[in-house]
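Each remark here refers to the structure printed beneath this line.
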Number of protein chains: 2
Amino acid sequence: MSRIADPKAKIMLLRAAEEVFAEKGLAGAKVEEIARRAGVSKGAFYLHFESKETALKQLLESFLARCHSYFAPPAAYPGLPEDPADLLDFSLARDVQIYEFLWQNRAFLRILPSCQGNTDYLVIAFRAEIDATTREWVDYWRREGIFRPEVDADLAATLIGGAYNELSTRMLLAETRPQLEDWLRFALETFFRAFGTPEMVAAVDFRNQRVSQGIGGRVADALSNQMMDRSRATRDHKERRHI
Amino acid sequence: MSRIADPKAKIMLLRAAEEVFAEKGLAGAKVEEIARRAGVSKGAFYLHFESKETALKQLLESFLARCHSYFAPPAAYPGLPEDPADLLDFSLARDVQIYEFLWQNRAFLRILPSCQGNTDYLVIAFRAEIDATTREWVDYWRREGIFRPEVDADLAATLIGGAYNELSTRMLLAETRPQLEDWLRFALETFFRAFGTPEMVAAVDFRNQRVSQGIGGRVADALSNQMMDRSRATRDHKERRHI
DNA sequence: CCCTTTGATGACCGGCGGGTCAACTATAGG
DNA sequence: CCTATAGTTGACCCGCCGGTCATCAAAGGG
């Protein structure tokens, strides 16, 4: 009995909404345009969403949740490498993973700045979360003797967060995928040089020599092959270090 | 003959508009509210401005022009000190001056993120200009042998710009004036350590020792005196114009 | 083939707020 | 005091768009 709902409708609407929100922002986006791009009527939009804000909130929550799994604190990586060079490789591989994800979702990233009104608390909370996670990393690195003890964790996290955020902004302006690896290596070295102990800075220099001699990072390969299996990846680092 | 126009009206409207735009953004700001806060009628608003956008544009142009004079390229400072410690002092004093200005105009800074629609090109152009100026400084420092030659000027400028931008964002969240000097010293040292030649990094360390021994910077004092003179001069100039 | 049920449509409603203008008011000159 | 002139007002107009609902269409059961 009765008619069956189009199962693609909601997905198409979400996709269209993502597009239009990214182009126009919350206020500028028109429900009619979202519906038209999804190939359905305006009324159909309201079969799936209570309001325009609801749709944006739904999109945001889903995206931020996916982001969340990428911006993990150090506690989420039980077996972090201790060797400075391996640590650099690991961090770079992790950054590349994150920015690859951001690049894939660049359409979505464009929505965030436009969240100025009723939904901005979501973005603000997310930024605060990122900032706290960055701070955790700085604290961790300081405890591990990688960063100098006198480095102010709050300020360091602010600078790091701002710099990386600017990189993502710059990525959004690019038409083709930038050399994220180069960008992120540069950023990583910048902050390791700035905040690292003299030993760490020396390790950065040494690693650059090694790289310029054509010897690639070992950990980076391991991590990109086994993205999800962190414990195995770190076990690999340790084993190889003894070779 | 005839009635004389209220000379305060436009100024009051601009002030009120600044307030409301800062609180609500372009779209959220209502002409009626601006007029009410200025103590005039809605119609009076349109005696002075063609439209809501015009008012915002006028405010923006004026503010960005004032900003412009602060973000000067190295060419604007003919006699830059060559001694590393003095250079640090000079740069810090300059940064403090800029951020002091930004702090004084923090209400205005809050408007910028909300410029998403018809006026965003102004902000975008301004950001690009800041970025270019930062790049000029990086290039200059590299030419002067203060930054290492292999430092990528574009990426360095991006990171620096992002980090300093984040500092200003964080400043906007503060209720009382933060210790800008500490923040900016931290940021300055961060990037001088990251990009500086080994000699420069040594100078940073040496300077910290000197400062911790209570010996203040000489150049900083000289510059801050000079800068106070300059801001006092412009303030006087404005007061005279308003009389 | 009709009836019921439920998905889908788009014309329509209503409020919001940018912008206008007829009416009003203050001032100066005669 | 009167009149001309120009500043000031706020009620009103109107387009836009979020949200609704009478109406139609599709699917399945009897």
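Below, read A as the first sequence line, B as the second, and so on, with proteins coming before strands; counting in each chain starts at 1.
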Discussion item. What I want to check is whether the side chains of A:R94 and A:Y70 have a donor and an acceptor closer together than 3.5 Å.
Written reply: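 Side chains of A:R94 and A:Y70: no pair found under 3.5 Å.
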Worksheet item: At what distance, to the nearest 0.5 angstrom, does CZ of A:F45 lie from NZ of A:K10?
Response: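 NZ of A:K10 is found 10.0 Å from CZ of A:F45.
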Worksheet item: Heavy-atom distance under 4.5 Å between the side chains of B:F192 and B:L188, does that happen here?
Response: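 In contact.
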When you compare the protein's N or O atoms with those of nucleotides 22-24 of chain C, which come within less than 3.5 Å of each other, and at what distance?
none

Whole angstroms only, please: what is the [atom1]-[atom2] distance between [X] and [N]?
X	N	atom1	atom2	answer
B:E50	C:dG18	CD	C1'	13 Å
A:L26	D:dC17	CG	C1'	13 Å
A:F49	D:dC17	CZ	C1'	18 Å
B:D6	C:dT25	CG	P	18 Å
A:I4	C:dG7	CD1	P	10 Å

Worksheet entry | Results of side chain to side chain donor-acceptor pair (under 3.5 Å) for B:K24 - residues two or more places apart only |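 Listed in chain order: B:E33.
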Item to complete: Please name all residues satisfying side chain to side chain donor-acceptor pair (under 3.5 Å) with A:K52, sequence neighbours left out, ordered by chain then number.
Response: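 Testing A:K52 for side chain to side chain donor-acceptor pair (under 3.5 Å), a comparison that skips the adjacent residues, returns none.
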Discussion item. Please list, in numerical order, the residues of residues 29-48 of chain B that have a heavy atom closer than 4.0 Å to any atom of DNA chain C.
Written reply: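 B:A29, B:K30, B:V31, B:K42, B:Y46 - these, ordered by number, are the residues of the stretch whose heavy atoms sit under 4.0 Å from the strand.
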Worksheet item: Can you list the residues that meet the side-chain contact (heavy atoms from CB on, under 4.5 Å) rule with A:A156, with sequence neighbours excluded?
Response: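 Checked A:A156 against side-chain contact (heavy atoms from CB on, under 4.5 Å); matches are A:V138, A:V151, A:F195, B:F186.
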Item to complete: Identify, with sequence neighbours excluded, every residue that meets side-chain contact (heavy atoms from CB on, under 4.5 Å) alongside B:A38.
Response: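 side-chain contact (heavy atoms from CB on, under 4.5 Å) check on B:A38 returns B:M12, B:L13, B:A16, B:V40.
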Worksheet item: For A:Y99 and A:N165, which heavy atoms make the closest approach, and how far apart are they?
Response: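 Looking at all heavy atoms of both residues, the closest pair is OH-N, 4.2 Å.
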